[in-house]
Structures are given as structure tokens and as C-alpha cells.
Amino acid sequence: MLKIQNLSKSYRTENVETTALNNIDIEIKKGEFIAIMGPSGCGKSTLLNTIGMLDSPTSGHYWFNDEDVANYSEAKLAKIRKHSIGFIFQSFNLIDELSVRENIELALLYHNIPSAERKERVEKVMEQVGITHRADHMPSQLSGGQQQRVAVARAVVGDQTMILADEPTGNLDTQHGHEVMEMLQELNASGKTIVMVTHSPAHAEFATRTITLLDGQVVMPDLKAVS
Amino acid sequence: MLIYNYLLSGWRNINHNKLFSSINILGLAIGLAAVTLITLFVRSELSYDTFWKNADTLNRSHIVFKIPGRDPFKAVSAPGPLIHALKKDYPQVTYASRLATLSPAIKVGAETFIQKVNLVDKDFLTMFDLTSLSGDLTNALNDPHSLILTKALATKYFGQEDPIGKTLSLDYDYFQRDYKITAVIENSVPNTQLPVTALALIDENDWTERSSLFTQWFSVNAQLYFQTKNPSDLDHINATFDDFSNRNFPKLPIGGADAKASDFIELSAMNIKDLHLHAVGSGEMNERGNATRVFIFSAIAVLILIIAIINFMNLSTARASQRAKEVSLRKVMGASRTNLIFQFLGESVLVTFIALAISIGLVELALPFYNEVLNKELAINYASSDMLQITGLALLVGILGGLYPAFVLSNFRPATVLKANKSAESSASVKLRAILVVMQFAVSIGLFISTAVVYSQMQYADKMNPGFNKDNMLIVHRMGLDAVNEKMDMLVKEISKTPQVTAVTWSNETPGNTNENNTMLRLPGMSKDDALLMGQRGVGYDFFSTYEIKVLAGRTYQKERNDTPLATAKLREGVNRKSSIVLNLAAARRLGYTSAADAIGQSIFTSRGNPNENLEAELEVIGVVDDVHFDSLRATIRPEIYNLNATWSQTLSVRFNGNPDTIKANVEAIWQNAITNIPFRYSFLRQDVADMYKTEQGQAKMFAAFSGLAIFIACLGLYGLANFTATRRTKEIGIRKVMGASVFDIVKLLLWQFSKPVFIANLIAWPIAYWAMSDWLELFVYRIDNSYILLLSIIAGIGALLIAWLTVATNSISVAKANPIKALRYD
């Protein structure tokens, strides 16, 4: 699915240069469920954003479906992104002014899909995540768990093959967190590749493989994290 | 100490957010400056003649002649005999004085001046409390040889010498008199309809050969002021003026045997304080104001003030979310709601005062141009209560503009704000802000449309063919004075010989420079009671060809054809009872001829001399010319006849085809060569015609300036709002981008968001502007079509939309281009 080689990313703020990722090599196969772990500031989110093509690497290679996208333009990246990658965030990031149905439909709005088909797909995915009964509610009327279901629905409604989740359970209690993890597991079982950043070893257990980062480097690429 | 803390935190806040603060302060400063300028204007307009000690009981008489078949003739001057009849019939009238303005020549050494002099009755000094500078003002007009001068005139004619007791010789053309200066008064103030210069007595004995000036009820010459015992007496006089007219006016020559004077004459009186804004009619000594204009500009001032306050509120509340954390922290530290309200009010007052300082600078910068446009001498009087008023206004704006944000901000609940770390703004305040933006744009668009309509009408007036050629025509004035008239033949010959002069003619009136002069016309077989009153003008040979006025039928006056003018003196002797006449098309129609050609060769009878003389002459219609706009487009073209003036006239008209300045210099040289005792006075016809619309032009300029300001302030507000909204919507934009929206998609989204209020504003502004401007256009008999307003509305709407887009575009693009991660991660 994707291969990262010698990838580095550094940020420059005035006169301090911070290296977030340092010569990273990672390969993720289709159908894997990856958990990325590590302490705060180790570069987990930078890695996820780079995989999600929201951020470009400073150097190195990034093959996505055998294409080296490391130096692609923003517009080209946006095109690949919208067809192949779905995002789930810690803070859900739903648009407050739109209803549940409209929030999910938003992901299809930029895909040139006829209205009738959009409606159909939104209904189907809402059923999948069990939020149909809340279709016309606004995000502020939902619990955190419900909001994250909407976000999951939005991430998969466009038939994306890979889902990137940035601490999807970070803002949820144990019960709801568990539900979301089960949902991700089901999606993985149905063939989607999932890359998830998490702080929770328990939730990392749901993954098929864990990558641990420390100071911008992969420390334990093939082992399950211990703490 | 707390106050100090408020001021300090206020100042830091202003400093901290420079963009917001400058938009806020600039918008407010411009708003305050505009309001101050308009207030100066309105205050000046409302102050006219309010300063006289007797203002409440001083009045002026006005008259309307309702002439069948044309617009009524309205005048602010009075028939000669009115003053005596008024004093006789109304015991309430305690004092009365005529006020006539003449322009005699004053010779001082080698120089001759044409000097405006006011002739009045003795009561004038009792009625009007003029400020005496030297001499005995109370007894200054005890005899017809006394003259009162203003300070300016005293200096002009006597320099630093004491003028009291000195002599000035005034040549009225009709008679000449040596006056002794008896008093010097303060110069006339600008805000009066009685701008007196030099004052002398009216002595009816001076005018024995023109006694009709004092006996003729159907002609008006001098203004008439009178004082009553009580202010309420005015109502009584106005209510009984019809009876008064019927008692005092002689039998009218029109309307048949049963006609009453009040059927055709409308006398009225108006308090002196109302004259400037409410009087109607010709004969005013000082340029009049216009109540509607004062109202419109007051309304504009209020609107601009509202826009400025809205902006202020808008920007402050927009920032509320950014300051939510500060508020919450202060509350946690123990600040009460009142503390916070005072803090925020203090901040807005501080901002307002900075804006105030800038606005005073702006006003001082603008005043020279403003005064030129308005033809006024407005100024902020720093020594008077002006500053107090302006400061009061600023304080009011600061408090009004700060009140709402203060309440919104101080109402944040710390727990929610600190915990959720998100925008604390309610949807109500978002809605309110949208409404405010709509209002701002509605006002701006409305003003924009009004400006465009006024300009279009001015353009129409300028481009419209008035029926004559107004270009390349020099008008020479003062031809009517005896000393000039005796040399008219010579002047015409000399000027005609000047290179680049193609034609010379003369007339009593020229376009833009007209008097009301009427005569009775009777068709053969028509009884005298049915005679028609019609306008008349005196013109010289070649008048129509020089003015390029179209001759529709027949011919015009020619020296070679022995056309000779009617002379009343000869009529009395019984000779020369037949003459020729030229009509305009309206007159031919009014007289009942089916076509211009049909009128040629027909006879008309006209009255001359005093009505009781029964003098009639027969006129043969020799030509019919096209209707032309001698007067402004406000007036319907009246039916009129053109009498031949063979040897006498008020003006010369010189048609040329070269450089106007050279022509003027050449003509002036000829004048100065021939006439040494009277200064040359000239004008260009094109300017005379344009001057008829001076008021409208000033109005258009003011409209343009203030609507420009209103739009500018509204845009400042929009810019601030766009900036804020973009910040507020960063998260949404980030999400949309992650979902695949392109930069273009996002810009479209934001532009649409700001187009909506402009669309709604158009819907509000259009009908109001249409209603107001079609009403304004009614002032003109000849005007642009109402559908123009719609066209201009569409242009204004598109313009406003484009301006709104330009305002928000840069901001929207940069927001749309931003990387979405930050917004989503650190929400």
C-alpha cells in the first residue's frame, strides 16, 4: 500500500530548527491495522499527516500505491487524498453548522457524485455506524461517542481504501472509546487499511502491528509496544 | 487605580491587535468627521436670521401670481403699494420697511465702483438691531441724504479715516445724490437673507417719473418686512390676506367681471427665521437654502453615524470570542460583571477619543473644499461650545458602540469558556452582526443610487439641447445704464469688427439671467376681460440667428424691413399703433393657432401703459420660433412673445469662434475705451446656464462625497468581519479541505457568504432609493426617465458587490490557501 524511505521532516521557526521526523523507513501493506505510539512530541502526528498527504516531507521518498508522491504539488496530493484517504480526528472536527447527514455528505460534495447517489451512500454508511436515528441532529446535540461515529462514517463514505485516525478515542470515555475501536476493527476486517495514532496500549491491542516512535525515529517497528 | 488599569489594558488591547484597532478607529474617525461636517452645515442652515432681537415678530410678505396657462409666478418681493395698505388695514403691524437693492455707481478719485446699496424705510433701524460701530445709528436715517456703511465699505471707500460726516456721491443712473455718512455698522453675517451693505432711505419723491414703482399692484420690486405686536399675529394676517387682497387690489384685467383678486393673487407672510429654508419665489438677496436638503443631509449624518457605531459594535463583538479567555480569567480573579462592563466601556471610550482626535484633523483638512462646494464659511469654533458638543458626540458614540459588546463580553461564563476552549459566541450575536452588515450596505447602496441619479439629471441638463447654442457666447452686462446705453450703437459696431466675433445681438434677458415680465394679449373679437396674460422679453435685431434659435415659420426682426418697436409715448400721441411681433410655439398654441404657419400674418392686440389708460396697440405676427429653455429645467417653458428693442437693452450677446479669453480681453478693451465711469462686467453663456443648477451640483458633490464615505466605512466593517469570520471558520475550512475542497471551492464559499448580505441590502435599498429619487426628479419638469433609477440601481448593486468582493477576496484567498492541519489539530 505505502512505503516510506529515508523520510525526514523539519520545521523552522525563526532561528530554531526542529526535526520532527528523522530518516524514517516504514512499509505498510494493504489490509493492515497499524497503531503508532510514542510519547508526546515524538512526531506521531507529523508522520500521520505526512502519510495523509496533509504535510510534505523535507526529504526522502514516499510511495503511495507505487507512486512517489513526496514531491507532488498540493493540488495533485489533494486529488489522491480525496479518493483514497479518510481522516478521523481526536476532536471529531465536525462542522457545527451542519447536521449529521450534511456533515457526512460533505465528504462526497467534492467528488462530483450525483445528488441521488450521495443520499444513498450517506444513508448506507449511517446505518453501518448506527447513527441513522440522529441524522438530522446537529453535532452539538450528540455525545462524544456519537460524534466520533459520524466522523468515522464521513471517513469511509467516499470508499477510501485507507483510514488515518489521530487519537480517535482521546476525547472519549472507556465505553465509547471501546465502541469506536470495535468499529475500526470491523472496517479493517472489511478490507480497509487503518493507521491510527494512540496513547492507549489497550487500544493499540486492536491493531495488527504497532510502530513506536521516539524523537522522530522508529524504535520498535515490528513489536507490540510495552508502555 | 482601577481606572488606570482599565485604561492601561484598553491601550494594550488597541496596540495588541493593530489591524482591528486601526479599522475600528479609522472607521469611527471618518464617521465622526462626516457627522461633524454635516452638523456644521445643518447648524448654519438652521441659524439663518434667528439672531435678531425681534426675530419672533419679524416677517416678510410673499406673493404668487396664478397666471392661467402657465406655471404660477412666485416672488419674495412685494407690490409697491402693499406697505401702506398693510399698515392701514392691520393694527397688529407696528413697523414696516421695504428693502430694495440698487447698484449705483460710486466714483472715488479716478476709480468707479458699482456698489450694491439697500434702500429702506426708517422703521428698518427699529426692527433690526444692527450693531453700531460709530455714529448715532438711531438717528442715522433721519433724512434722505444720510448713508450708513458697513465696516468693510467704510474701509473700502475711506481707508483708515473716520468716515462719519464724509460724503459719497451715488449715481443711480436715474438720479444722482451726495450722501453724508452718518453711521458705521458691523459687517453682515453670512447666515442672513438680508445681507445689508450700505443703507439709505427710500424717498418716493426721488422717483416721481417712475411713480408706478409705488402705485402698481401688479408688479413687484422691493422686499417688504414688517413687525407685529405678537408672534401669533402672523397667523391672523395670513388667514385674512385673501380678504385684504380683494379689498386693496384693483380690478384685474383677467378672469372676467366676477373675478376676485384672490382668484389670481396669493399674498402670504413668513416669519424671518423661516425664510432661508422655506421661502419660495424669485427676488431673494442671498442664496436660499432648502429644507429638504437639510433634512436629507441630517438623515445622511444620522445614517453615517449609525454605520460607524454599527461598525464599532460589530468589530468589538467579533473580537469577543478572542477575548473570552481574558474575561473568564478576570472573572475567576474576582472581577464583577459591573467591573467588566466598565472596563469594556472604558476601552471603547478610549478608542472613540483617539478617533475623535483624528476626525478633527480630517474635518480641518476637508473644510476648505467643503466650503467651496457649499459656498459657505463653515468652521469649528474651538472657543465656543463646539468642542464640548463634539466631545459629547464622541462620548455618546463610544458608549453606544461599547454598550452591546460590553454586555456580551462580560456575560461569558468562565467555566464553559475555559473548559471547552472554544468560541463563546452565541448564534444570536452572529445573526445580529449579519443584520448590521446588511444595514450598512443598504445605506451605502441607497446613497450611491441617489448620487448617481442626481448626477445623471445634471448630465441630462448639461447635454440636453436647450433650443439655442450655449457655447462660445460672451454676455456683456450693464448695458441698461444710461451712460452705457448711449454708446450701444458704437459698442455693437466695434465689437462686431473684432476678429473671431461672428455675430452680436442684444436683449433684456439672457438664459439663466431672466426676469418675470408679462403683458396682456387679446385676439380680435375677444373681450378685454378674456385677455390672456403672457410672458414677454425684449430682443434686438439678429437675436434669434445669433442664438441659433430655430424659426418655425415666418421671419424675425430685421432692420432692413423697418421693423420698429412699440413706444408707449407714441401710442399715447395716437401714432404708430401697429407693430410686428415674434411668438414662441407655446404662445402660438396658447393663442389658439393650429400651427406655427397658421399664426403668421394674424393680428393680436396688446395693452400698454397703466391699466386705466386703455392704451392698445395692434401687433402682426411675423414669426414663430421654437420653444427654448431660458429658465432651468425646473420650469415649464412658458408661452411668450418677443418684443423688439431697437436701441435699448440690458445685455449684449457676442457670438465668437476663438479663444474665449482673447475675445473677453478684446471686448473689455473696447468697453474701457468707450466707457470710463462704469466697470466692465461679463459672463459666458455656458456658465450662466450651468449656474442655474449650482444648488444641484453642490448637492451632487455632497452626495457623492458622503456616499463614498459611507461605502468606505461599510467596507472597513466588511473587511474586519471577513477577517474575523475567516478566523472563526478556520476549522470548517480545514475540514472541507481535508474532504477534498480546492482553494477555489473555499474562496467561492467565503465570497458567497459575503455576497448574501449585499444582495439583501440591495433589496432594501432599491425601493427606498427609487421612491426618494423619483420624488426628487419631480422637481424638474424636464428630467431623466424613472427607469433610469432602476438601471442605476443595478449598477450600484453590482458595484457594491464588486467592492465587497475586492474587500474580502485577499483575505479569503489567504485563508483558503492555509494548511488545514493547524486548524484541526489545535482547534
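Chain letters run A, B, ... following the sequence lines, proteins first, then strands; residues in each count from 1. What you are looking at is a predicted structure, and each value in this text was computed from that prediction instead of being measured.
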Checklist entry - Are the side chains of A:Arg154 and B:Ile735 in touch, meaning some heavy atoms are under 4.5 Å apart? => result yes

Checklist entry - Mind checking whether A:Ile95 and B:Arg736 have side chains closer than 4.5 Å, heavy atoms only? => result yes

Checklist entry - Taking atom CG of A:Asp96 and atom CD of B:Glu732, what is their separation to the nearest 0.5 Å? => result 9.0 Å

Checklist entry - Out of curiosity, B:Ser742 OG to A:Lys82 NZ, how far, rounded to the nearest 0.5 Å? => result 7.5 Å

[atom1] ([X]) with more than 12 external heavy atoms under 6.0 Å:
X: A:Glu123; atom1: CD; value: yes
X: A:Asp136; atom1: CG; value: yes
X: A:Asn23; atom1: CG; value: yes
X: B:Trp805; atom1: CH2; value: no

Checklist entry - Where does A:Leu94 contact chain B at under 4.5 Å (heavy atoms): side chain, backbone, both or neither? => result backbone

Next on the checklist: Is A:His111 in contact with chain B via its backbone, its side chain, both, or neither, using a 4.5 Å heavy-atom distance?
Outcome noted: side chain

Checklist entry - For the side chain to side chain contact (heavy atoms under 4.5 Å, CB included) test, which of A:Leu108, A:Asn103, A:Leu106 pairs with B:Met739? => result A:Leu106

Checklist entry - For B:Val738 and A:Phe89, what are the C-alpha separation, side-chain angles and deciding distance, and is it a side-chain contact (heavy atoms from CB on, under 4.5 Å)? => result CA-CA 11 Å; B:Val738 169; A:Phe89 303 93; 4.3 Å; yes

